[in-house]
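Quick notes on the structure that follows.
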Amino acid sequence: MITERRVVTVVRQALARGHGGRILTPNVDIVRQARVDPEVRGFLDDATLVVADGMPLVWASRLANNPLPERVTGSSLIWSLSSGLAADARSVFVLGGDSPEIAERAADRLATRFPGLGVAGHLSPPFGFDADPDAVDAAARTVVKAAPDLVFVGIGFPRQERLIDRLRADLPNSWFLGCGMAVNFVAGLRHRAPVWMQRAGLEWAHRLKTEPRRLARRYLRHDAPYALRLLAATAARR
């Protein structure tokens, strides 16, 4: 586990050598799934860089006397990686968004914010497209043809990781980040929690307030109890 600044440095240096890779940002939900789901463990095993997107993971690491340097989220990396790649005149592809044109809007905002950043392409496929093999093939062809240095895939876990699996074979020299809601955040369609909530480990509460029907079961029934058990077990082992 490394800092956000170090992630950007590693990606830039790897691209300069012609090496691709994959960044995974596990949160409590992903860690919980990885314990029982071989597919999710495979995503972690395949990752070139793994950073902790979730304050409970950072707290658990401190309790275990093996502290992670910081929380690193996909929603933050989409900005910092774009800034780093702009300095090298490299390109990104933005894939995702809750509605048509969201990826285009996000790509335009990144290009405006970071002069020098190339936009190789953008795509906002309809929800559920990944259940249609023909639609997946079409999306993959669009990304591969664009040949970007870095692809931001924001269609939700684990669907985004499956698509990244598909793309890596055809773009071995590119980097990939599954970034969930980050495309919507960049486009301005949705807004992240205030910084104080992020630092206090309460970003989940903000997300739950904005999307209660979609997230209540996941957060309250599964993730919160798992996080409490994780912290309690880690404290007990000290």
Side-chain angles (χ1 to χ4, degrees), residues 1-2 7-8 10-15 17-54 57 72-78 81-82 85 90-98 102-103 106-107 119-184 186 218:
M1 297 281 189
I2 58 178
V7 169
V8 176
V10 169
V11 171
R12 292 176 65 187
Q13 291 176 344
L15 285 170
R17 298 192 301 269
H19 297 166
R22 173 187 202 159
I23 305 165
L24 196 68
T25 62
N27 54 20
V28 166
D29 192 60
I30 292 174
V31 172
R32 177 182 63 80
Q33 292 182 57
R35 292 179 62 88
V36 296
D37 189 333
E39 181 187 35
V40 176
R41 289 198 297 273
F43 297 146
L44 288 166
D45 291 341
D46 183 61
T48 313
L49 297 175
V50 178
V51 292
D53 180 353
L57 303 182
V72 183
T73 69
S75 298
S76 180
L77 279 171
I78 194 171
L81 284 168
S82 294
L85 266 65
R90 295 196 176 274
S91 65
V92 299
F93 191 107
V94 181
L95 192 158
D98 281 352
I102 291 300
V119 176
H122 49 77
L123 181 65
S124 291
F127 180 79
F129 84 100
D130 50 303
D132 180 351
D134 291 337
V136 173
D137 288 343
R141 285 196 300 269
T142 298
V143 178
V144 171
K145 183 178 180 180
D149 293 304
L150 172 62
V151 186
F152 297 121
V153 185
I155 60 173
F157 185 91
R159 296 180 296 124
Q160 61 197 17
E161 303 305 329
R162 294 175 184 138
L163 183 56
I164 289 171
D165 276 349
R166 167 73 178 275
L167 292 169
R168 287 196 72 188
D170 293 319
L171 293 170
N173 300 323
S174 299
W175 276 78
F176 298 88
L177 171 67
C179 56
M181 290 293 294
V183 173
N184 292 310
V186 172
R218 169 184 149 188

Would you be so kind as to tabulate the donor-acceptor pairs closer than 3.5 Å made by side chains of residues 133-144, with sequence neighbours excluded?
from	atom 1	to	atom 2	distance (Å)
Asp137	OD1	Arg166	NH1	3.0
Asp137	OD1	Arg166	NH2	2.5
Thr142	OG1	Ala138	O	3.0

May I have the list of side-chain donor-acceptor pairs in residues 151-158 shorter than 3.5 Å, sequence neighbours left out?
none

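Listed here is the closest heavy atom pair of Gly74 and Asp53: N-OD2, 3.9 Å. Contact between Leu24 and Pro26 at its shortest, heavy atoms only, is O-CD, 3.2 Å. Annotation for Ala120 and Ala146: closest pair O-CB, 3.5 Å, computed over non-hydrogen atoms. Closest approach of Val92 to Pro148, counting heavy atoms only: C-CB, 4.1 Å. Scanning both residues, Ser124 and Gly96, for their nearest heavy atoms gives OG-O, 2.8 Å. The minimum heavy-atom distance linking Ala182 with Ser75 is given by the pair CB-CA, 3.7 Å.
To the nearest 0.5 Å, atom CG of residue Leu150 and atom OG of residue Ser174 are 8.5 Å apart. One distance of note links CZ of Phe129 with CZ of Arg159; it measures 7.0 Å at 0.5 Å rounding. The distance from atom CG of Leu15 to atom CZ of Arg90, rounded to the nearest 0.5 Å, is 5.0 Å. For the atom pair CG of Leu49 and CZ of Arg22, the computed distance is 12.0 Å after rounding to the nearest 0.5 Å. For the atom pair CD1 (Ile23) and CD1 (Ile164), the distance works out to 9.5 Å, reported to the nearest 0.5 Å. To the nearest 0.5 Å, atoms CZ (Arg35) and CZ (Arg41) are separated by 10.0 Å.
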Q) Going through the distances and angles, do Gln160 and Phe43 end up as a side chain to side chain contact (heavy atoms under 4.5 Å, CB included)? A) CA-CA 11 Å; Gln160 61 197 17; Phe43 297 146; over 6 Å; no
(Q) Test side chain to side chain contact (heavy atoms under 4.5 Å, CB included) on Val94 and Val119; report intermediate values, then the result. (A) CA-CA 8 Å; Val94 181; Val119 176; 5.8 Å; no
Q: Take Asp29 and Arg32 through the salt bridge (charged side-chain N to carboxylate O under 4.0 Å, His left out) test and state the conclusion after the steps.
A: CA-CA 5 Å; Asp29 192 60; Arg32 177 182 63 80; 2.7 Å; yes
Q: Apply side chain to side chain contact (heavy atoms under 4.5 Å, CB included) to the pair Arg162 and Glu39, showing each step before the final yes or no.
A: CA-CA 9 Å; Arg162 294 175 184 138; Glu39 181 187 35; 2.8 Å; yes
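Put simply, the side chain of Thr25 never gets that close to the backbone of Thr73: no donor and acceptor are under 3.5 Å apart. Counting only distance, with no hydrogens or angles, the side chain of Arg168 and the backbone of Phe176 share no donor-acceptor pair below 3.5 Å. Side chain of Asp98 to main chain of Asn184: no donor-acceptor pair is present (N/O by atom type, distance under 3.5 Å, no hydrogens or angles).
Inter-residue side-chain proximity for Leu163 and Leu95 is flagged as met; some heavy-atom pair is nearer than 4.5 Å. Asn27 is listed as a side-chain neighbour of Ile30, based on a closest heavy-atom distance under 4.5 Å.
Listed by chain and residue number, nothing satisfies the side chain to side chain donor-acceptor pair (under 3.5 Å) test with Asp132 (two or more places apart in sequence, or in another chain).
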